[in-house]
Amino acid sequence: MGLRRTILAVIVAASIALPVFAQTSAPTPLPIPARYKNFRAAIYITVGDVRKLADRATFDRRYARAASQLHFDKVYIEAYRDRVFATAAELELVKRYFAEKGVATAGGITLAAGGEGGQFGTFDYEKPADRAECEKAVRLAATHFDEVILDDFFFYTSKSDADIAAKGARSWTAYRLDTMRKVARDLVLTPAHAVNPRVRMVIKYPNWYEHFQGLGYDLDQNAQAFDGIYAGTETRDPTLTDQLLQQYESYGIVRYFDNIRPGGNGGGWVDTFSTRDVDRYAEQLWDTLFAKAPEITLFNWHPMSEDAAADTGQRPWTSTPTSFDWAAEQRRWEASGATLPMGWGRAAGYALETADSVVGALGKPIGVASYKPYQSSGEDFLHNYLGTIGIPIELSPHFPDTAKTMLLTEAAAADPAIVGKIRSALKRGATVVVTSGLVEKLQDKGFRDLAEWTPTGRRVLIDQFVQGYGAGNGTPLNAADGVQKPILFPDIRFYTNDSWAIVRGVAAAKGFPLILMNHYAAGTLYMLTMPENPGDLYALPPAMLGQIRAVASGALPVTIDAPAQVALFLYDNDTLIVQSYRAETTPVMIHAAGRQLVEIPSGATLAPSLAVAGSAEARAARADFAVAIPPHSFRAFRIVR
């Protein structure tokens with residue numbers, strides 16, 4: 001306990017003393033913002049705006065406004081959306097206008113049929129008229145462009161009488177996957193390549209990947225059949241929107257898609273919708289680029305080019321210098337002589353310039369190998385909650401055969417051979433970390449042969465957390481103020497001395513395993529007992545989060561001690577980013593093997609904390625660096641060994 005108090009004191013002191021963020025300030029706005037060095041920026045133009053931009057006066061006015069706020073290399077010119085077609089003449093005019101400005105052009109189509117009451121409407125692919133309209137839209141776009149992207153409505157919700165009859169005895173998931181594979185082949189790819197053999201057809205998948213298969217979105221065969229894929233990285237507000245997607249997903253989904261289609265994932269896509277403050281918009285852009293997406297698409301042209309000011313939200317941290325220092329940018333904007341207020345285009349431009357100052361120094365992303373098979377679901381979006389508590393995750397549709405440490409959630413149960421794969425990994429000496437959801441799912445599939453861990457079906461409210469096993473007392477992990485929200489966990493039965501509870505939860509006079517360990521052959525098997533609500537991970541005391549990180553990501557070259565909603569991004573060239581999604585300045589301790597940290601791009605150096613550094617040899621093996629992260633901000637470093 002004394003050591004943890006010392007570490008906390010050092011971090012708090014650092015939060016007052018450390019310099020704040022030379023590395024995240026953007027350059028003074030220029031009449032024409034500079035080209036980004038490390039990625040491309042594109043803007044998607046919906047069909048309604050395409051038709052307006054065919055008028056040259058409108059184009060010149062809107063282009064000037066957008067181009068004054070951000071650099072963009074490319075635009076996607078939409079030919080069809082919601083039963084509305086652009087004309088061939090309109091597409092050619094807008095294409096020519098942008099070419100005159102040196103902006104690359106591609107096509108776009110949104111294969112949607114409108115909607116009612118806020119629910120999206122999709123085509124009914126058993127209906128001849130809808131099939132014909134789909135193919136007509138594809139042929140139109142492919143005729144005019146050598147690249148066409150499908151906005152993320154290429155899914156299937158219809159349950160008409162024709163659909164019910166065609167489905168037969170299949171599940172809706174199986175029927176829709178089968179149907180959309182045929183639709184992709186017969187109504188999209190074949191006709192597109194028939195009218196334009198050069199065309200690249202790119203499918204943009206949305207952000208709700210856990211549920212794709214139920215709507216016919218196929219990350220297996222269709223992701224390979226198209227000429228490229230694209231990731232929806234819009235996470236918006238994590239508690240306000242209906243999807244409740246966590247911030248880390250803007251990074252994690254890019255990594256997953258890169259592993260689904262190596263070299264074929266074209267980038268990430270972010271919109272301006274459903275955020276409480278403009279900083280949340282910027283974070284989505286940053287995290288997409290921190291995942292090394294080669295291109296970022298901004299949806300859409302209207303907010304990037306309108307004269308109105310961006311809605312910045314309440315921003316209670318406005319007086320604190322942050323990575324997205326909107327007040328400072330406002331002063332620079334006014335000093336540049338701009339006559340219009342900063343709009344969403346400037347918010348995007350400022351965020352992209354900030355990311356560009358860092359991304360070039362980063363290597364290839366690395367993280368804990370985690371397996372999510374195609375068409376799998378379970379423990380909904382859990383990887384993103386774990387990423388948001390500071391565990392770097394490299395999600396893949398392929399089992400990590402050579403990984404020294406791997407993290408397997410309930411989704412891995414979709415692989416019928418998963419127990420055998422876990423056994424083989426343990427025999428070769430790997431550390432396999434499984435969640436309680438996976439243990440429950442595999443009870444009747446052979447998991448008991450690895451460890452006799454049995455979910456009882458009971459649930460218990462835990463409000464005390466204790467670390468330590470074997471003879472003797474444990475170390476309490478609760479916060480010093482003693483305030484702890486009771487959290488509901490599943491009860492897992494195990495045999496004492498066969499397995500060890502590394503961390504136990506205590507309710508009244510009864511203990512329950514929260515981190516369970518068992519040795520098998522040459523390897524070690526751990527179980528992380530997940531809260532019934534994964535959002536309650538954020539309510540765990542920081543010391544408990546540290547125990548979870550130690551098991552799941554302790555083999556990585558860098559770990560952190562921090563409260564929840566602080567993410568860690570790691571790269572294979574000894575660089576890292578620590579990002580806080582919190583609304584207050586947050587003390588963080590970075591544990592890294594090195595003599596010092598060099599901040600990117602400022603070059604400022606950070607020495608280890610003397611209070612906990614120990615000998616020179618100990619510092620070289622694992623040093624502790626105290627940093628402070630302002631609200632909704634990030635800091636990037638290079639490790640010097």
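- Residues Leu177 and Tyr217 are not in side-chain contact: their nearest non-hydrogen atoms beyond the backbone lie 4.5 Å or more apart.
- Considering Lys364, Arg638, Arg641 in turn, Arg641 is the only one that fulfils the salt bridge (charged side-chain N to carboxylate O under 4.0 Å, His left out) rule with Asp574.
- You'll find the side chain of Asp561 stays beyond 4.5 Å of the side chain of Ile590, heavy atoms only.
- Aromatic rings from Tyr581 and Tyr248 are positioned such that their centres are separated by 6.0 Å or more.
- Here the side chains of Arg236 and Arg280 are not in contact, with every heavy-atom distance at 4.5 Å or above.
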Is there a side-chain contact (heavy atoms from CB on, under 4.5 Å) between Ser377 and Gln213 once you walk through the steps? CA-CA 9 Å; Ser377 60; Gln213 60 274 7; 3.8 Å; yes
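- A salt bridge is defined here as a Lys NZ or Arg NE, NH1 or NH2 lying under 4.0 Å from an Asp or Glu carboxylate O, and Lys74 with Glu147 meets this definition.
- With sequence neighbours excluded, the residues that form a side-chain hydrogen bond (donor to acceptor under 3.5 Å, both in side chains) with Tyr495 are Arg493.
- A salt bridge links Asp449 with Arg423: the closest approach of a Lys/Arg side-chain nitrogen to an acidic carboxylate oxygen falls below 4.0 angstrom.
- Between Gln221 atom CD and Gln375 atom CD the span is 8.0 Å, to the nearest 0.5 Å.
- Under the side-chain hydrogen bond (donor to acceptor under 3.5 Å, both in side chains) criterion, Lys204 pairs with Asp152, Glu234, not counting sequence neighbours.
- Using a 4.0 Å cut-off between a side-chain N of Lys or Arg and a carboxylate O of Asp or Glu, Arg458 and Asp491 qualify as a salt bridge.
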Tyr209 vs Phe381, test: side-chain contact (heavy atoms from CB on, under 4.5 Å). Steps then yes/no. CA-CA 8 Å; Tyr209 62 88; Phe381 296 102; 3.8 Å; yes
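- The list of side chain to side chain donor-acceptor pair (under 3.5 Å) pairs with a residue in residues 252-262, not counting sequence neighbours, reads Arg255-Asp258, Arg255-Glu394, Asp258-Asn265, Asn259-Glu394.
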Step by step, would you call Arg549 with Ile560 a side-chain contact (heavy atoms from CB on, under 4.5 Å)? CA-CA 8 Å; Arg549 295 186 198 107; Ile560 59 173; 4.2 Å; yes
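- Side-chain atoms of Ser609 and Asp624 form no donor-acceptor pair, as typed in the model, at a separation below 3.5 Å.
- Taking the six-membered ring for Trp, Tyr205 and Phe212 have ring centres closer than 6.0 Å.
- Side-chain contact check for Asp227 and His193: at least one donor-acceptor pair (N or O, by modelled atom type) lies under 3.5 Å.
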